[in-house]
Amino acid sequence: METFQLLLAKRLSDALANAGLAETGELTQATDPRFGDYQTNVALVLGKQRGENPPALAEKILSHLDVDDVCELPAVAGAGFINFTLRPDAIEKKTREVLRDNRLGVPETASSQRIVIDFGSPNVAKPMHVGHIRSTVLGDALARIAQFLGHEVIRDNHIGDWGTQFGMVIYGWKNLLDRQALQRNPLAEIVRIYKETNARAASDPEVREACRQELVKLQAGDKENIDIWNECVALSMQDFEHVYKLLGIHYDLQCGESFYHDRLPGVVDCLLKAGIAEISEGAVVVFFRDNPELADKPLIIRKRDGGFNYATTDIATVDYRVNELKADAVWYVVGAPQTLHFKQIFDVARREGYTADLRHIIFGSVLGEDRKLMKTRSGENVPLRELLEEACKRARKIVEEKNPNLSEEEKTDIAEKIGIGAVKYADLSQYRMTDYIFSWEKMLALHGNTAPYLQNAYVRIRSIFRKAGESWHRHPADEEIGWKPMPLCLAELPEIDLAKRLCQFAEFVPHALNGFRPNILTNYLFELANSFHAFYEACPVLKSEEPRRSSRLALCDLTAQVLQRGLGLLGIKVPEKM
RNA sequence: GCGCCCGUAGCUCAGCCGGAUAGAGCAACGGAUUUCUAAUCCGUGGGUCGGGUGUUCGAGUCACCCCGGGCGCGCCA
């Protein structure tokens with residue numbers, strides 16, 4: 001199915017060809033409703049290129065432009081813009097097509113890629129904390145959108161399960177472990193022994209040396225240390241799994257750092273042989289002499305003591321993803337502080353001859369209301385699990401206030417959908433690069449650009465259909481059993497506005513993925529909910545006469561589908577009641 | 001020192017590859033409810049887009065400089 005934007009762009013392109021003019025400029029959604037629905041600046045661009053008068057050029061283009069079937073007469077305005085206003089009957093026709101389409105009008109990409117998305121990546125022996133939320137939620141949303149658009153997505157959790165911190169964890173495990181505490185709360189006990197060891201090592205060189213020895217033994221494959229390590233990984237994974245279940249997130253692969261451990265010596269040898277790396281001050285180092293930006297920023301891939309570091313692991317990871325997973329693209333959803341690191345890794349990959357599209361998808365930090373990195377009152381990282389449970393608790397309280405008659409089960413289910421949805425939406429609705437200030441009040445607010453507001457629009461629609469009864473029920477398979485969409489008759493402005501927005505879902509989804517910007521999708525959904533609420537206020541559904549009643553029911557149905565699908569692409573669920 | 005990111009209404013933020021008179025939400029103020037969930041809607045006020053210079057038909061957006069904040073830069077991840 002073709003969007004209005006694509007259709008008009010094609011017609012414009014035909015007109016330019018017929019007028020003997022070069023194809024240039026762009027056709028976009030109008031920047032302001034006063035200018036109609038779509039606009040193009042071709043005449044301005046051409047005017048500049050040819051040194052001609054833009055409004056005159058616009059008129060010339062108009063004389064070759066055939067859009068009568070979808071638009072009112074296009075108008076030249078301002079400095080030479082051409083404005084397009086969709087005709088209600090064209091909107092009606094398109095809406096009917098979208099209603100019939102189980103992809104809601106969104107076309108699959110013509111160039112499907114295999115994309116590995118690296119997101120989340122928590123560290124073993126530490127609980128997931130609020131710092132992991134953006135990567136996890138953003139990565140999951142991008143994965144869902146990419147998949148919906150027809151890409152083959154591999155979600156990979158690059159767990160930090162092989163760092164130097166294990167020297168300390170193992171030392172603590174052997175010397176400080178409280179078995180009972182471990183049973184009660186495994187991760188808390190691991191964190192405790194780690195911290196205490198860390199404190200001791202800071203003041204006692206002997207402890208520091210002992211930790212180093214434990215790490216060496218682990219890396220050499222010492223049975224006892226490997227067993228301890230395995231147990232720590234398993235206990236951590238339980239915590240992660242709990243959080244992932246709450247968030248509704250899954251991975252296709254969980255190839256952590258340890259997965260690449262055996263490959264590291266080979267990676268270094270390879271880079272040395274290829275002349276990409278060299279020995280410098282006893283370490284193996286990659287220099288980027290031909291890259292001005294990195295010229296004074298070498299990358300160490302083997303330390304003087306023979307150990308490898310995370311740069312080595314990340315290069316091994318690129319090798320694996322490109323050579324064995326056959327990835328066309330790899331997206332790293334990792335915070336902004338690692339920008340330099342990934343520039344280096346990608347440059348190494350380029351020199352290895354890889355052509356895969358490697359991207360660092362950067363995002364800002366989560367700040368507390370004091371504008372500093374979000375911490376608990378005692379200065380600790382806020383555990384993600386507690387934060388999510390708090391969100392559900394707060395949502396539950398609101399549900400109980402607003403709708404006390406629901407059953408316990410319903411309340412729990414609804415609170416989870418609202419609470420988790422609110423946390424995700426608050427994150428995704430903001431441009432990913434800006435630091436994000438965490439605020440319970442803001443994210444759980446019922447007005448404004450929040451998950452509950454959108455969920456409420458969905459719930460209001462579902463309520464209409466409950467009242468309407470079984471007579472109007474739509475399933476994807478209805479068409480096969482002879483269900484026919486009711487003819488739409490859009491008469492009032494709020495109906496036309498709503499329908500128009502519904503048709504534009506297809507224009508926003510690919511756009512959101514292009515910039516790796518789910519906030520483009522949240523903005524659209526927010527505006528859709530606005531349009532729906534305006535429609536809801538102005539246009540009674542069940543009480544109106546046929547054929548208007550059926551037409552409005554169809555609009556409601558489609559709105560609910562787009563809201564559900566759109567929020568679904570962001571990993572957010574919708575409740576039937578709230 | 002070098003580099004990256006950010007600075008838009010009182011607050012939190014949008015603003016796409018440079019487009020027309022810079023938009024939302026919150027807060028403030030004024031309205032709307034015998035009506036499908038008022039968990040809503042309609043309206044009003046509110047701006048030197050950090051500052052400057054430049055590029056051009058046109059700059060919040062691009063370039064350069066400055067100010068302010070955050071982050072990163074040879075053996076942590």
Side-chain angles (χ1 to χ4, degrees), chain A residues 25-26 28-32 34-35 39 41 44-45 47-48 53-54 77-81 83 121 123 160 162-165 257 280-285 293-305 307-311 313-314 335-341 343-344 362 364-365 367 369 371-373 398-399 401-403 418 426 429-431 433-437 439 441-442 445-450 452-453 455-457 459-468 511-512 514-515 517 519-520 522-523 526-527 530 533-534 536-544 552 556 577-578:
Chain A
E26 55 191 1
T28 59
Q29 289 177 18
T31 52
D32 190 298
R34 283 181 313 232
F35 308 137
Q39 64 182 43
N41 62 353
L44 291 161
V45 178
K48 186 175 187 175
N53 175 262
F81 292 96
N83 292 337
S121 310
N123 288 320
W162 197 255
T164 44
Q165 79 269 24
E257 290 168 351
S280 164
E281 297 175 35
V284 179
V285 181
E293 203 183 339
L294 299 176
D296 59 343
K297 315 254 189 268
L299 179 70
I300 291 173
I301 58 172
R302 194 175 70 200
K303 298 186 284 184
R304 199 181 320 192
D305 68 3
F308 305 102
N309 54 23
Y310 85 134
T313 306
D314 278 353
Q338 297 200 36
T339 304
L340 173 62
H341 170 71
K343 277 184 181 159
Q344 293 173 318
I362 297 165
S365 315
L367 307 182
E369 306 215 39
R371 297 188 145 277
K372 295 188 174 154
L373 275 182
I398 299 172
V399 172
E401 272 170 35
K402 301 284 185 187
N403 213 341
I418 294 180
S429 60
Q430 190 159 324
Y431 177 53
M433 210 73 97
T434 33
D435 288 344
Y436 148 57
I437 296 178
S439 154
E441 287 71 40
K442 210 189 133 193
L446 307 157
H447 296 244
N449 193 5
T450 64
Y453 176 80
Q455 287 166 326
N456 179 240
V459 163
R460 289 179 117 180
I461 296 171
R462 298 309 302 156
S463 180
I464 289 175
F465 282 104
R466 275 195 300 276
K467 285 241 158 79
H511 188 27
N514 277 341
R517 293 176 45 181
N519 73 310
I520 286 174
T522 63
N523 277 346
F526 175 56
E527 281 168 13
N530 272 334
H533 280 130
Y536 183 93
E537 295 289 327
C539 306
V541 177
L542 296 176
K543 284 170 191 154
S544 54
R552 288 180 176 170
C556 285
K577 301 176 186 170
M578 65 191 280

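The structure presented is a predicted model; accordingly, all values stated were derived computationally and were not measured. We name chains A, B, ... by the order of the sequence lines, and we start the count at 1 in each one.
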NA contact type, A:Gln430, heavy-atom cut-off 4.0 Å: base, sugar-phosphate, or nothing?
sugar-phosphate
Can you find an N or O donor on one side and an acceptor on the other, under 3.5 Å apart, linking the side chain of A:His533 with the base of B:C41?
no
Using purine N1 to pyrimidine N3 plus N6-O4 or O6-N4 for Watson-Crick, or N1-O2 and O6-N3 for G-U wobble, both under 3.5 Å, which nucleotide pairs with B:C4?
B:G70
Taking all non-hydrogen atoms of both residues, which atom of A:Ala30 and which atom of A:Gln39 are closest, and how far apart?
CA-OE1, 3.7 Å
Looking only at side-chain atoms of A:Lys303, point me to the closest of B:A24, B:C75, B:C6.
B:C75
Between A:Asn449 and A:Phe526, which heavy-atom pair has the shortest distance, and what is it?
OD1-CB, 3.4 Å
Within the structure shown, what part of the strands sits under 4.0 Å from A:Tyr536 by heavy-atom distance: base, sugar-phosphate, or nothing?
base
For A:Gly25 and A:Val45 the tightest heavy-atom approach is CA-CG2, 4.1 Å
Work out which heavy atom in A:Cys556 is nearest to a heavy atom in A:Val541; give both atom names and the distance.
SG-CG2, 3.9 Å
Starting the side chain at C-beta, find the nucleotide from B:A77, B:C42, B:U40 nearest to A:Ala534.
B:C42
Would you indicate what A:Leu542 reaches in the nucleic acid, counting non-hydrogen atoms under 4.0 angstrom: base, sugar-phosphate, or nothing?
base
A:Asn456 CG to B:C41 C1', in whole Å, measures 12 Å
Pick base, sugar-phosphate or nothing for A:Glu257, based on heavy-atom distances below 4.0 Å to the nucleic acid.
sugar-phosphate
Across all strands shown, which nucleotide pairs with B:C49 by Watson-Crick or G-U wobble geometry, both distances under 3.5 Å?
none
Nearest to the side chain of A:Phe35 - B:A14, B:A20, B:C36?
B:A20
Looking only at B:G3, B:G74, B:C41, the nucleotide nearest the A:Asn530 side chain is B:C41
Students often get this wrong, so: under 4.0 angstrom with heavy atoms, is A:Lys467 touching a base, only sugar-phosphate, or nothing?
sugar-phosphate
Give one of base, sugar-phosphate or nothing for A:Pro337, where a contact means two heavy atoms less than 4.0 Å apart.
sugar-phosphate
Opposite nucleotide pairing with B:A32, Watson-Crick or G-U, both atom distances under 3.5 Å
B:U40
A:Thr31 has a side chain; which of B:C75, B:A20, B:C57 sits nearest to it?
B:A20
When all nucleic acid strands are considered with a 4.0 Å heavy-atom cut-off, which category describes A:Asn41: base, sugar-phosphate, or nothing?
base
Choose from B:U35, B:A39, B:A20 the nucleotide whose nearest atom is closest to any side-chain atom of A:Phe81.
B:A20
Can a side chain N or O of A:Arg371 be found less than 4.0 Å away from OP1 or OP2 on B:G70?
no
Counting side-chain heavy atoms from CB outward, which of B:C6, B:U21, B:G74 is closest to A:Met433?
B:C6
Just wondering, do A:Ile464 and A:Tyr536 contact through their side chains at under 4.5 Å, heavy atoms?
yes
At their closest point, which heavy atom of A:Met578 faces which heavy atom of A:Pro452, and how far apart are they?
CE-O, 3.6 Å
Watson-Crick or G-U wobble partner for B:G23, using a 3.5 Å limit on both distances?
B:C13
Report which part of the nucleic acid A:Gln39 touches: base, sugar-phosphate, or nothing (heavy-atom distance under 4.0 Å, all strands).
base
Look at all strands and tell whether A:Asn53 reaches a base, only sugar-phosphate, or nothing, counting heavy atoms closer than 4.0 Å.
nothing
Do the side chain of A:Gln344 and the main chain of A:Lys297 share a donor and acceptor less than 3.5 angstrom apart?
yes
What integer number of Å spans the P atoms of B:A63 and B:G46?
34 Å
Between A:Tyr436 and A:Ala426 the two heavy atoms that sit nearest each other are OH-CB, 3.4 Å
Please classify the nucleic acid contact of A:Leu340 as base, sugar-phosphate, or nothing, using heavy-atom distances under 4.0 Å.
sugar-phosphate
State whether A:Thr522 places a side-chain N or O below 4.0 Å from either non-bridging phosphate oxygen (OP1 or OP2) of B:A14.
no
Base, sugar-phosphate or nothing for A:Asn514? Non-hydrogen atoms, less than 4.0 Å.
nothing
So A:Ala311, base contact, sugar-phosphate only, or nothing? Heavy-atom distance under 4.0 Å.
nothing
Of the options B:C36, B:C2, B:G74, whose atoms approach the side-chain atoms of A:Lys297 most closely?
B:C2
Provide the distance between the two P atoms, one in B:G23 and one in B:G43, to the nearest whole Å.
15 Å
Identify whether any heavy atom of A:Ile362 sits under 4.0 Å from a base atom; if not, whether one sits that close to sugar-phosphate; answer base, sugar-phosphate or nothing.
nothing
Quick one: does A:Asp32 reach the base of B:A22 with a side-chain donor-acceptor pair under 3.5 Å?
no
With a 4.0 Å cut-off on heavy atoms, is A:Ala336 in touch with a base, just the backbone sugar-phosphate, or nothing at all?
nothing
Provide, to the nearest angstrom, the distance between the CD atom belonging to A:Gln455 and the C1' atom belonging to B:U40.
16 Å
Checking B:C36, B:G19, B:G25 against the side chain of A:Leu44 (C-beta onward), the nearest is B:G19
Between CD of A:Glu537 and P of B:U40 the distance, given in whole Å, is 10 Å
Any N or O donor-acceptor pair linking the side chain of A:Ser280 to the base of B:G74 at under 3.5 Å?
yes
Who pairs with B:C62 - Watson-Crick or G-U, where each distance is under 3.5 Å
B:G54
pi-stack flag for A:Tyr453 and B:A39, centroid dist under 5.5 Å, interplanar under 30°:
no
Could you please name the option among B:C4, B:G74, B:A39 that lies closest to any side-chain atom of A:Glu281?
B:G74
